[in-house]
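The structure under discussion appears below in the form of structure tokens.
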Amino acid sequence: MQVEKSIAIITLNRPEKLNSFVREMALLLQQKLDECSANDIRCVYITGMGRAFSAGQDLTEVTTPSGPGFGRILSEHYNPIVTKIRELQKPVIAAVNGVAAGAGANIALCCDIVIATESASFLQAFSKIGLIPDSGGTHVLPRLIGWQKASALMMLGEKISATDAERIGMIYKVFPDESFREEAMKIAETLAQMPTKGLAYTKQLLHLSQDTSFHEQLNDENIFQQRAATTQDYKEGVQAFLEKRPGKFKGE
Ligand code: LHQ
């Protein structure tokens with residue numbers, strides 16, 4: 001993990017196996033996500049080394065008798081990873097630099113902002129090998145693109161291009177391969193200079209909204225808005241507006 005301009009850059013790094021997950025990589029990612037709760041980190045950027053984002057579970061690990069086994073793979077690898085991403089009190093960007101398959105796709109999709117290169121693709125690979133989509137995919141994907149498209153993509157296991165993924169609302173934006181890193185880092189830099197607590201409350205409210213009624217959500221917005229109003233960044237934001245200058249936010 002590198003930290004640059006308050007951005008923690010996490011690179012999944014097993015390029016020869018398309019950054020597929022073995023236990024060691026899954027535990028290391030969790031450790032790095034834990035380190036991202038430090039106050040000096042204000043945005044997290046997850047990407048892959050080489051030509052893939054991640055091909056999901058390394059299928060040689062599940063076929064090894066001494067491997068961790070299915071139950072532990074979910075409860076000790078993927079479930080904690082996606083939970084940590086959702087619970088981090090700062091924006092997490094998935095910068096999808098190539099194919100994202102299986103758990104690799106669903107880890108990307110649970111991030112707050114998902115961007116991808118034009119040549120990237122997404123693949124709910126599970127059905128092809130007789131498994132069910134995990135890592136939160138059955139919760140997140142239908143909410144992103146609707147029940148029907150999620151159901152078809154998950155059952156057919158068809159690869160979808162990043163451009164199509166953007167068109168149907170699965171991801172935020174696609175950038176040309178050549179300028180991807182630059183464009184992606186611009187987004188990360190913008191987020192890392194914004195009022196971090198306000199963004200964290202926004203993230204929490206969006207997640208809460210998945211399970212609450214409109215009236216409960218209005219109540220939650222009231223609570224979180226009052227919290228946001230106690231931050232230094234709110235005071236700075238209003239002051240900067242009144243003084244007609246850009247705000248200088250510290251994430252406090
Ligand atoms: C791989 C993998 C891989 C090992 C490429 N494993 N080597 C949860 C609970 C418990 C158990 C199971 O899993 C899960 C969650 C899951 O994620 S299940 C879904 C697992 N992932 C997949 O089924 C995807 C498998 N991979 C693919 O379909 C293709 O590799 C994709 C479409 C990702 C990329 O295709 P290509 O661009 O044609 O690359 P490739 O297939 O030639 O792969 C390059 C190398 O990477 C190759 O190794 P080699 O030594 O022959 O060069 C592959 O064997 C290896 N690799 N994915 N998941």
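Numbering of ligands and ligand atoms starts at 1, following listing order.
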When the side chains of residues 239-250 are checked against the rest of the protein, which donor-acceptor pairs come out under 3.5 Å, sequence neighbours left out?
{"from": "Q239", "atom 1": "NE2", "to": "E243", "atom 2": "OE2", "distance (Å)": "2.7"}
{"from": "E243", "atom 1": "OE1", "to": "R245", "atom 2": "NE", "distance (Å)": "2.7"}
{"from": "E243", "atom 1": "OE1", "to": "R245", "atom 2": "NH2", "distance (Å)": "3.4"}
{"from": "R245", "atom 1": "NH1", "to": "E236", "atom 2": "OE2", "distance (Å)": "2.7"}
{"from": "R245", "atom 1": "NH2", "to": "E236", "atom 2": "OE1", "distance (Å)": "3.2"}

Partners passing salt bridge (Lys or Arg N to Asp or Glu O under 4.0 Å) against R181 (at least two apart in sequence or in another chain): none
Between ligand 1 and the protein, tabulate every N or O atom pair separated by less than 3.5 Å, reporting distance only.
{"from": "ligand 1", "atom 1": "6 (N)", "to": "L59", "atom 2": "N", "distance (Å)": "2.9"}
{"from": "ligand 1", "atom 1": "17 (O)", "to": "Q57", "atom 2": "N", "distance (Å)": "2.9"}
{"from": "ligand 1", "atom 1": "17 (O)", "to": "A103", "atom 2": "N", "distance (Å)": "2.9"}
{"from": "ligand 1", "atom 1": "21 (N)", "to": "A55", "atom 2": "O", "distance (Å)": "2.9"}
{"from": "ligand 1", "atom 1": "37 (O)", "to": "R51", "atom 2": "NH1", "distance (Å)": "2.8"}
{"from": "ligand 1", "atom 1": "37 (O)", "to": "R51", "atom 2": "NH2", "distance (Å)": "3.4"}
{"from": "ligand 1", "atom 1": "39 (O)", "to": "R51", "atom 2": "NH2", "distance (Å)": "3.0"}
{"from": "ligand 1", "atom 1": "50 (O)", "to": "K17", "atom 2": "NZ", "distance (Å)": "2.9"}
{"from": "ligand 1", "atom 1": "58 (N)", "to": "A55", "atom 2": "O", "distance (Å)": "3.3"}
{"from": "ligand 1", "atom 1": "58 (N)", "to": "Q57", "atom 2": "O", "distance (Å)": "2.8"}

Shortest non-hydrogen separation from R42 to K90 and the atoms involved: O-CB, 3.9 Å
Residues E35, K32: salt bridge by 4.0 Å N-O rule: yes
Parallel, tilted or perpendicular: ring planes of Y78 versus F21, cut at 30 and 60 degrees: perpendicular
Per-pair distances, 0.1 Å, donor-acceptor, side chain in residues 219-229, under 3.5 Å, sequence neighbours excluded:
{"from": "N222", "atom 1": "OD1", "to": "Q226", "atom 2": "NE2", "distance (Å)": "2.8"}
{"from": "Q226", "atom 1": "NE2", "to": "N222", "atom 2": "O", "distance (Å)": "3.4"}

